[in-house]
Novice: 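Here you go, one structure.
In this chain, residues are counted from 1 in sequence order.
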Amino acid sequence: MFLTHQQSEDIKNVLKNSLRNKFQNYQPETTFMPFHMRLLGKDRIALFSFIHSLNTNFGTTIFEPVALELAKTQFKEAKLQTVVGSAISTQAQRVIQDIMDDLTVANSKPDKNHEIQSIRKVCRSGEIRKIKPTKVDICLHTHDDKIYLIDIKTAKPNKGSFKEFKRTLLEWVACILFEKPQTEINTLIAIPYNPYEPRAYNRWTMAGMLDLDNELKVGEEFWDFLGGQGTYLELLDIFESVGLELRAEIDDYFRKYNELIN
């Protein structure tokens, strides 16, 4: 195994605590669905509602803390939900807008290394503007002083959202370089799993905005980046083992819920 025993136990605890907390605090929706209930049954509707509710905050309650546990042993520093800065230069803003304009009308292809260097050249030029950038889901510092800022997204982001994602990544770069112009900075979109498995992830929807080699990590590539080769497969085993361990608690929860709605 690549993960240490302690890492595995810590990740298991994250999953158990998250699920049990959901059981304690979940308030079922009161939406009346008479056709669905008669066709599928109240128990299945209850389960569907719970899974939908769990899925809406899966990233913050499960993926982010699991990512943190994995990164702790591979990186010098790992933090969740961090603010990268509050200032940006007007010239950097102009460069970012030019990049966005060119990508939008397909005058250029995404090239993250070139984009970073363009921002670096003007990162302190012009006036200083105060901004409030999106928080970084997970911030990593390597032992050789590289920085990775990662935004964890859902498995199937809307096509129209990638312009917003791209601007966020560029603004993070500008904020970091404004404070430390020589920093080696990497900004990434991470998608925790490939919903198209076993087919390759459908990346064409984002190819016009993201540099797929340098700004995107999906599924196995993401988790192995955090914890080392083989982490993704071990992580799936951990999720499965926790699910089996809590099976009785899960069944008991839904049994009580079914009695309530009946």
Novice: Do you know which two heavy atoms are closest between Ser108 and Leu103, and how far apart they sit?
Specialist: O-CD2, 3.5 Å
Novice: Between Phe222 and Phe225, is the gap from one ring center to the other below 6.0 Å?
Specialist: no
Novice: Pair Lys166, Glu164 - check salt bridge (charged side-chain N to carboxylate O under 4.0 Å, His left out), show working.
Specialist: CA-CA 5 Å; Lys166 180 70 174 189; Glu164 177 187 341; over 6 Å; no
Novice: Do the side chains of Ser18 and Thr61 get nearer than 4.5 Å, heavy atoms only?
Specialist: yes
Novice: Give the minimum heavy-atom separation between Ser8 and Leu3, together with the two atoms involved.
Specialist: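 For Ser8 and Leu3, the tightest heavy-atom pair comes out as OG-CB, 4.0 Å.
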Novice: Are Val83 and Leu140 in one and the same hydrophobic cluster, where Ile, Leu, Val, Met, Phe, Trp and Tyr link if side-chain heavy atoms are under 4.5 Å apart?
Specialist: no
Novice: For the side chain of Gln7 and the backbone of Thr4, is there at least one donor-acceptor N/O pair under 3.5 Å apart?
Specialist: yes
Novice: Provide the full list of ring pair (Phe, Tyr, Trp, His ring centres under 6.0 Å) pairs with a residue in residues 93-145, sequence neighbours left out, each pair given once.
Specialist: none
Novice: With sequence neighbours left out, write down each residue that passes side chain to side chain donor-acceptor pair (under 3.5 Å) with Gln229, or none if nothing qualifies.
Specialist: none
Novice: Any side-chain to backbone donor/acceptor pair from Asn17 onto Asn13? Under 3.5 Å, distance only.
Specialist: yes
Novice: Using modelled atom types and a 3.5 Å cut-off, is there a donor and acceptor pairing between side-chain atoms of Arg38 and backbone atoms of Pro34?
Specialist: yes
Novice: Calculate, to the nearest 0.5 Å, the distance between atoms OG and CG belonging to Ser241 and Leu15 respectively.
Specialist: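 One finds 8.0 Å between OG of Ser241 and CG of Leu15.
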Novice: Applying side chain to side chain contact (heavy atoms under 4.5 Å, CB included) to Glu64 and Ile138, what does each step give before you reach the verdict?
Specialist: CA-CA 7 Å; Glu64 287 183 20; Ile138 182 164; over 6 Å; no
Novice: I'd like to check the ring-ring contact (aromatic ring centres under 6.0 Å, His included) partners of Phe178; sequence neighbours left out, ordered by chain and number.
Specialist: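 Partners of Phe178 under the ring-ring contact (aromatic ring centres under 6.0 Å, His included) test: none.
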Novice: Should Glu115 and Leu170 be marked as a side chain to side chain contact (heavy atoms under 4.5 Å, CB included) after you check the CA-CA gap, both sets of side-chain angles, and the distance that decides it?
Specialist: CA-CA 8 Å; Glu115 292 162 7; Leu170 295 173; 3.7 Å; yes
Novice: Minimum heavy-atom separation for Asn194 to Ala200, with atom names?
Specialist: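 Of all heavy-atom pairs spanning Asn194 and Ala200, the closest is ND2-C, 3.8 Å.
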Novice: From Ile62 CD1 over to Ile11 CD1, what is the distance, rounded to the nearest 0.5 angstrom?
Specialist: 12.0 Å
Novice: Considering only NZ, NE, NH1 and NH2 on the basic side and carboxylate oxygens on the acidic side, decide whether Lys153 and Asp151 come within less than 4.0 Å.
Specialist: yes
Novice: For Tyr193, which residues count as a ring-ring contact (aromatic ring centres under 6.0 Å, His included) partner, sequence neighbours excluded?
Specialist: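 With sequence neighbours excluded, Tyr193 shows a ring-ring contact (aromatic ring centres under 6.0 Å, His included) to no residue whatsoever.
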Novice: Residues in side chain to side chain donor-acceptor pair (under 3.5 Å) with Lys76, at least two apart?
Specialist: Asp145
Novice: Applying side chain to side chain donor-acceptor pair (under 3.5 Å), name anything that partners Asn21, two or more places apart in sequence or on another chain.
Specialist: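 Residues passing side chain to side chain donor-acceptor pair (under 3.5 Å) with Asn21: Asn25.
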Novice: Going by the rule salt bridge (charged side-chain N to carboxylate O under 4.0 Å, His left out), which residues pair with Lys72 if we only count those two or more places apart in sequence or in a different chain?
Specialist: Glu69
Novice: Supply the atom-to-atom distance Leu236 CG to Trp223 CH2, rounded to the nearest 0.5 angstrom.
Specialist: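 Going from CG on Leu236 over to CH2 on Trp223, the span is 10.0 Å.
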Novice: Could you tell me which residues satisfy ring-ring contact (aromatic ring centres under 6.0 Å, His included) with Phe23, sequence neighbours excluded, listed by chain and number?
Specialist: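 Scan of Phe23 (ring-ring contact (aromatic ring centres under 6.0 Å, His included), adjacent residues dropped) gives Phe50, Tyr253.
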Novice: How long is the straight-line distance from CG of Leu226 back to CD1 of Ile150, given to the nearest 0.5 Å?
Specialist: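 Atom-to-atom, Ile150:CD1 and Leu226:CG are 5.5 Å apart.
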Novice: Lys109 vs Asp102, test: side chain to side chain contact (heavy atoms under 4.5 Å, CB included). Steps then yes/no.
Specialist: CA-CA 8 Å; Lys109 294 182 179 180; Asp102 287 342; over 6 Å; no
Novice: Check the pair Leu235, Leu70 against side chain to side chain contact (heavy atoms under 4.5 Å, CB included), reporting the backbone distance first and the verdict last.
Specialist: CA-CA 10 Å; Leu235 203 54; Leu70 292 173; 4.2 Å; yes
Novice: For Pro65 versus Gly59, what's the shortest heavy-atom pair and its separation?
Specialist: CD-O, 4.3 Å
Novice: Run the side-chain donor-acceptor check on residues 179-192: report pairs under 3.5 Å with partners two or more places apart or on a different chain.
Specialist:
{"unit_1": "Thr183", "atom_1": "OG1", "unit_2": "Lys180", "atom_2": "O", "d": "2.9"}
{"unit_1": "Asn186", "atom_1": "ND2", "unit_2": "Ile147", "atom_2": "O", "d": "3.4"}
{"unit_1": "Thr187", "atom_1": "OG1", "unit_2": "Lys112", "atom_2": "NZ", "d": "2.2"}

Novice: Could you pull out every donor-acceptor pair under 3.5 Å between side chains of residues 88-101 and any protein atom, sequence neighbours left out?
Specialist:
{"unit_1": "Ser89", "atom_1": "OG", "unit_2": "Ala92", "atom_2": "N", "d": "3.0"}
{"unit_1": "Ser89", "atom_1": "OG", "unit_2": "Val122", "atom_2": "O", "d": "2.8"}
{"unit_1": "Ser89", "atom_1": "OG", "unit_2": "Cys123", "atom_2": "O", "d": "3.4"}
{"unit_1": "Ser89", "atom_1": "OG", "unit_2": "Ser125", "atom_2": "O", "d": "3.3"}
{"unit_1": "Thr90", "atom_1": "OG1", "unit_2": "Glu127", "atom_2": "N", "d": "2.9"}
{"unit_1": "Gln93", "atom_1": "OE1", "unit_2": "Arg129", "atom_2": "NH1", "d": "3.4"}
{"unit_1": "Gln97", "atom_1": "OE1", "unit_2": "Arg167", "atom_2": "NH1", "d": "3.3"}
{"unit_1": "Gln97", "atom_1": "OE1", "unit_2": "Arg167", "atom_2": "NH2", "d": "3.1"}
{"unit_1": "Gln97", "atom_1": "NE2", "unit_2": "Asp101", "atom_2": "OD1", "d": "2.8"}

Novice: Quick one: salt bridge (charged side-chain N to carboxylate O under 4.0 Å, His left out) pairs with a partner in residues 7-26, sequence neighbours left out?
Specialist: Glu9-Lys12, Lys16-Glu245, Arg20-Glu249
Novice: Looking at CD of Gln81 and SG of Cys139, how far apart are the two atoms once the value is rounded to the nearest 0.5 Å?
Specialist: 11.5 Å
Novice: Given 3.5 Å as the limit, does a donor-acceptor pair link the side chain of Thr231 with the main chain of Gly228, or not?
Specialist: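 Answer holds: yes.
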Novice: Residues in side chain to side chain donor-acceptor pair (under 3.5 Å) with Asp144, at least two apart?
Specialist: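 Only Thr142 meet the side chain to side chain donor-acceptor pair (under 3.5 Å) criterion with Asp144.
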Novice: Would you give the length of the straight line joining atom CG of Asn214 to atom CG of Leu212, rounded to the nearest 0.5 angstrom?
Specialist: 9.5 Å
Novice: Which atom pair, heavy atoms only, marks the closest approach of Pro133 to Cys175?
Specialist: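 In terms of heavy atoms, the two residues are closest at CG-SG, 4.1 Å.
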Novice: Got a sec: does the CG of Leu244 have more than 12 other heavy atoms crowding it under 6.0 Å?
Specialist: yes
